[in-house]
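A short worksheet on the structure shown next.
Below, chain A is the first sequence line, B the second, and so on; all start at residue 1.
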2 protein chains.
Amino acid sequence: MAGRADVPEVIWARPERTGRGPRPAYTRADIAAAAVRIADERGLDAVSMRHVAAELGCGTMSLYNYLPRKEDLYELMVDAVGAEHELWEPSGDWRADMLRVAHQTRTLMLRHPWLPALMSPVYGFSPNALRYLEHCLACLDSFEGTYGTKFELVAMLNGVVTTYVGNELATAERARALPWSEEREQSVRIAYLGAQIATGAYPRMAAAFMEDSGPIDLEAVFQRALERVLDGFDPTR
Amino acid sequence: MAGRADVPEVIWARPERTGRGPRPAYTRADIAAAAVRIADERGLDAVSMRHVAAELGCGTMSLYNYLPRKEDLYELMVDAVGAEHELWEPSGDWRADMLRVAHQTRTLMLRHPWLPALMSPVYGFSPNALRYLEHCLACLDSFEGTYGTKFELVAMLNGVVTTYVGNELATAERARALPWSEEREQSVRIAYLGAQIATGAYPRMAAAFMEDSGPIDLEAVFQRALERVLDGFDPTR
DNA sequence: AGCGCATTACGTACGCTGTACGTAACTAGG
DNA sequence: CCTAGTTACGTACAGCGTACGTAATGCGCT
């Protein structure tokens with residue numbers, strides 16, 4: 001059976017091995033590890049079926065014995081790095097624990113900068129996603145609320161972390177990839193933005209840029225965002 | 001000058017016309033409209049340089065006179081549908097206005113289901129993005145806080161809306177694209193999830209699935225999410 | 001024990017993508 | 001008027017996901 005683009009079955013539901021036929025040369029973990037290695041070193045765009053196969057030392061089409069679609073390779077990658085989540089004994093203070101979870105997720109994303117881009121299509125419950133979710137629920141044992149609310153909390157926190165770190169990484173990547181200096185790019189943007197503001201059509205934007213806010217501390221912005229999300233769920237505040 | 005993949009210049013900073021040479025046959029608006037039409041009718045994947053050129057009735061490479069990179073086409077598309085935002089006179093109640101903004105953005109995204117996928121790399125200040133931002137700031141005139149905080153509020157609200165509607169759309173799309181019935185797919189997933197839970201490794205997940213929560217009302221989940229975000233910023237609560 | 005067949009491995013090929021490059025037609029500025 | 005810069009666009013290339021066909025392999029069953 002070769003790859004099937006028309007089979008939307010969840011990959012975690014299909015057994016890794018059915019018993020019949022030659023022993024597979026690789027495991028899903030091998031494949032995931034190879035893909036993660038490539039993504040870490042050469043970026044997500046370098047993760048093609050050909051490159052992953054080359055990294056493993058097998059033919060391109062052999063991969064389709066393990067994965068029906070490339071999309072599933074992404075699923076494997078996300079699950080693989082999910083194993084790096086450190087799961088501790090809940091402290092009893094759900095706020096502190098959830099903050100720690102969020103910061104850990106951010107660290108994970110900074111270590112694997114391609115991760116935010118693959119987080120949107122979270123739809124299968126991969127093994128490590130289950131472990132992670134169970135851990136979050138454990139941390140929320142001290143939270144007064146239904147499981148429904150707890151899920152909503154975890155979902156929003158994850159969403160905010162993904163969005164923020166995704167922006168953070170995209171900004172850094174853009175600065176890194178510039179063929180000319182960052183100052184040159186900044187000046188072009190400032191010039192354009194200044195011209196727009198100078199039309200007088202955006203008085204509040206103009207005022208905002210007059211406001212002296214000092215240097216932007218991304219870490220602090222992130223922390224504030226987390227606190228606000230938790231505030232929104234906190235029944236005691 | 002043909003397309004330049006190595007020029008990260010913001011497209012809004014370059015003039016649409018420099019004066020020399022033959023009159024361009026199309027405007028940026030024409031191109032954006034063609035791309036939006038294709039995306040609306042055939043999905044984001046159908047938006048290729050070839051298809052857009054065909055829609056316009058010109059040669060593929062002619063597009064590169066208007067856009068240095070395909071990425072800029074996406075920027076044009078996001079800006080184009082941004083014009084559909086209705087901007088009203090602020091009511092004086094920032095909470096109500098921001099809720100209305102968020103719901104309007106959701107409506108816009110449901111009308112153009114490809115929008116959430118293109119929202120992540122928001123980096124250029126497109127004309128309509130500026131108008132939208134100015135409007136949000138106007139709505140926040142009654143909000144006690146610095147412009148820095150107001151930007152953070154708008155950013156988080158937009159992020160949450162994008163994440164939620166993106167998930168909503170992805171779920172709907174997945175259900176629509178199934179080659180077999182939705183029940184069949186559901187049963188496969190339930191079977192897998194049930195087997196995992198039956199191992200006893202995820203007691204809280206098990207409890208969560210026991211909890212009778214009734215049918216999930218996506219609209220209500222969305223509304224709750226918005227309220228919580230605003231609560232997190234509300235100095236009066 | 002040995003047959004049958006599902007499975008693995010993988011080369012080839014197809015249609016699609018973004019875009020570099022070269023050439024011809026055209027028009028505004030000096 | 002001339003010429004330099006711009007538009008238009010055909011051709012071409014490297015890369016992508018993956019359908020398909022064929023050969024080798026080894027488990028499960030009789």
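Comparing dT8(C), dG18(C), dA8(D) by their closest approach to the side chain of N65(A) singles out dT8(C). Listed nucleotides dG17(D), dT19(C), dT17(C) differ in distance to R69(B); the shortest reach to its side chain belongs to dT19(C).
Using a 4.0 Å heavy-atom cutoff across all strands shown, A53(B) reaches no nucleic acid atom at all. Within the nucleic acid shown, S62(B) comes within 4.0 Å of at least one base atom, counting heavy atoms only.
Atom CG in L67(A) sits about 12 Å away from atom P in dA9(C), given to the nearest Å. Distance, M49(B) CE to dT17(C) P: 12 Å, rounded to whole Å. Y26(A) has its OH atom 7 Å from the P atom of dA9(C), to the nearest Å. Rounded to whole angstrom, the span from the CE atom of M61(A) across to the C1' atom of dT7(C) amounts to 15 Å. Between the OH atom of Y66(B) and the P atom of dT6(D) there is a distance of 14 Å, rounded to whole Å. Atom CG of D45(A) is separated from atom P of dC16(D) by 10 Å (rounded to the nearest Å). The OH atom of Y64(A) sits 15 Å away from the C1' atom of dG11(C) (whole-angstrom rounding). For R28(A) and dT8(C), the CZ to P distance is 11 Å, given to the nearest whole Å.
In this structure the side chain of P116(B) reaches within 4.5 angstrom of the side chain of L169(B), judged on heavy atoms.
When each of R23(B) and T60(A) is assigned the nucleotide of DNA chain C bearing its nearest heavy atom, the one mapping closer to the 5' terminus is T60(A).
Phosphate contact (OP1/OP2 of dC16(D), side-chain N/O of H51(A), threshold under 4.0 Å): present.
Between D40(B) and R37(B), none of the side-chain N atoms (NZ, or NE/NH1/NH2) sits under 4.0 Å from a carboxylate O, so this pair counts as no salt bridge. The existence of a salt bridge linking E173(B) and R176(B) is confirmed by a sub-4.0 Å separation between a basic side-chain nitrogen and an acidic carboxylate oxygen. Under the 4.0 Å criterion applied to side-chain N and carboxylate O atoms, E75(A) and R28(A) are not assigned as salt-bridge partners.
Taking only distance into account, the side chain of R50(A) meets the base of dG17(D) through a donor-acceptor pair shorter than 3.5 Å.
Atom NE2 of residue H135(B) and atom CG of residue N128(B) lie 13.0 Å apart, to the nearest 0.5 angstrom.
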